[in-house]
Amino acid sequence: VVTVMGHVDHGKTSLLDAIRETEVAAGEAGGITQHIGASSVSVGGKRVVFVDTPGHEAFTRMRARGAKVTDLVVLVVGADDGVMPQTLEAIDHAKAANVPIIVAVNKIDKPEAQPERVKRQLADRGLMPEEWGGDTVMVEVSARQKTNLPKLLEMILLVAELRELRANPEAPASGTVLESRVDRGRGPVATVLVQNGTLHTGDFFICGAVYGKVRALFDDHGRTLKEAGPSTPVEVLGLQGVPSAGDHFQVADEAKARHIADYRQGKLREATLARSAGARITLDQLHEQLKSGETKELPIVIKADVQGSVEVLSEMLPKLSNDAVKLKIIHASVGAVTETDVLLASASGAIIFAFNVRPDRKAADLAQRENVEIRPHSVIYEVSDEIKRAMT
Ligand code: GDP
């Protein structure tokens, strides 16, 4: 299971797309890739699974929740640009997680590409290329021209083999929730990465504070599956609620699953009550702070299309706070911007960030009346750049 990381614009998304397209072109896919949080590519009868959300933020968010989904990191470095700040961050995040790194030196089709320079820079940072006697595999690729992609996949499989990663297909299934949402018509849907055991339709399970019975399983091409073995991303139908990204998934007998879900939901309710009581106090305090000219707080409401983005933004934005301005997430959830969101923002003087979602008609009208700003976005980095600009 691979996560692609690297500096912005070095080609993470392009590389993921190119690898998937190659698969479709090779006729093995049997359809168009569906976005289910991860997709698998088969290479000579073996499978490599790619996590859809590239970057170390998503990777580390999962880790912070105690979930380890990535076995191997592909670090994309633009040969035209070289090692950049987020390249170094990605290296640190992968190293902290003790996950091996394979380097994809990308954009070698560009005339100004300097792959040797990239290797030198990486060697200086402790990633010594194999060809120079080190142990880091580096493959020169072009996502645009689809150069050397089979070699990259081959190297991924080789490194995986050396790590002797194993799972037991006979065990009851367990894994991690990658994404979740409510689908109109199908109800709560979660993408689960099965990490051990085999998941079958009809299995009872618990994930986070939600339990359910597998009603249907779909793969990353939208095909129905009867069962899913280790390292398989599957869309699961039959949940009683919406779990969170990073939640642990475990097959259990019905009574046990219900019991654990009840217990965890009680805990969650307590925590939510405690938070909302606290929020009112903080709002009063905020007023005082602003009057006395202390630190200014910028309250933010986040709405996004998938739980993963909600969590990435919720974690990233407060970190942009500085001495003068504190960013505070007052609400963050999956779905379109609603009237309730606008009212909340209006009452708190908040800005709404709409990530890959739109306000519905009524909400848009209300926002205009109430002078609430809704900022649409579809690229995580653009959100942070915009806020940084506004703060300076
Ligand atoms: P990300 O931010 O790391 O996901 O980068 P993107 O995949 O969005 O790519 C950034 C830009 O680089 C886009 O304009 C791509 O078309 C371009 N790009 C990506 N891979 C290549 C490549 O192999 N060769 C060239 N010439 N351009 C590339």
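Keep in mind that the numbers below use all heavy atoms, side chains included, and drop hydrogens, waters and symmetry copies. Note that ligands are numbered from 1 as they come in the structure, with each ligand's atoms numbered from 1 the same way. Positions are given from 1, in the same order as the sequence printed here.
- Nearest to atom 8 (O) of ligand 1 by heavy-atom distance, out of Thr13, Ile108, Asp81, Ile380, is Thr13.
- Evaluated by nearest non-hydrogen atom to atom 20 (N) of ligand 1, the leading choice among Asp9, Asn106, Asp109 is Asn106.
- By the definition of a contact as any protein heavy atom under 4.0 Å away, atom 17 (C) of ligand 1 is in contact.
- Using a 4.0 Å cut-off to heavy atoms of Ser142, the atoms of ligand 1 that qualify are 23 (O).
- Here is the list of ligand 1 atoms found below 4.0 Å of a heavy atom in Val8: 2 (O).
- Side chains of Asp81 and His7: no donor on one and acceptor on the other come within 3.5 Å.
- Near Lys110, with a cut-off below 4.0 Å to any heavy atom, the atoms of ligand 1 are 26 (N).
- Side-chain contact check for Ser142 and Asp109: at least one donor-acceptor pair (N or O, by modelled atom type) lies under 3.5 Å.
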message = Assess the residue pair Glu131 and Lys119 against the criterion (salt bridge (charged side-chain N to carboxylate O under 4.0 Å, His left out)); give the C-alpha distance rounded to whole Å, side-chain angles, the decisive distance to 0.1 Å, and a yes or no.
response = CA-CA 10 Å; Glu131 53 197 283; Lys119 288 178 195 169; 3.2 Å; yes
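- With Val74 as reference, Ile156 is the one residue of Ile156, Leu153, Val139 to meet the side-chain contact (heavy atoms from CB on, under 4.5 Å) rule.
- Applying the 4.0 Å criterion to heavy atoms of His7 picks out, from ligand 1, the atoms 3 (O).
- Panel note: side chain Arg215, backbone Leu239; no donor-acceptor pair is recorded below 3.5 Å.
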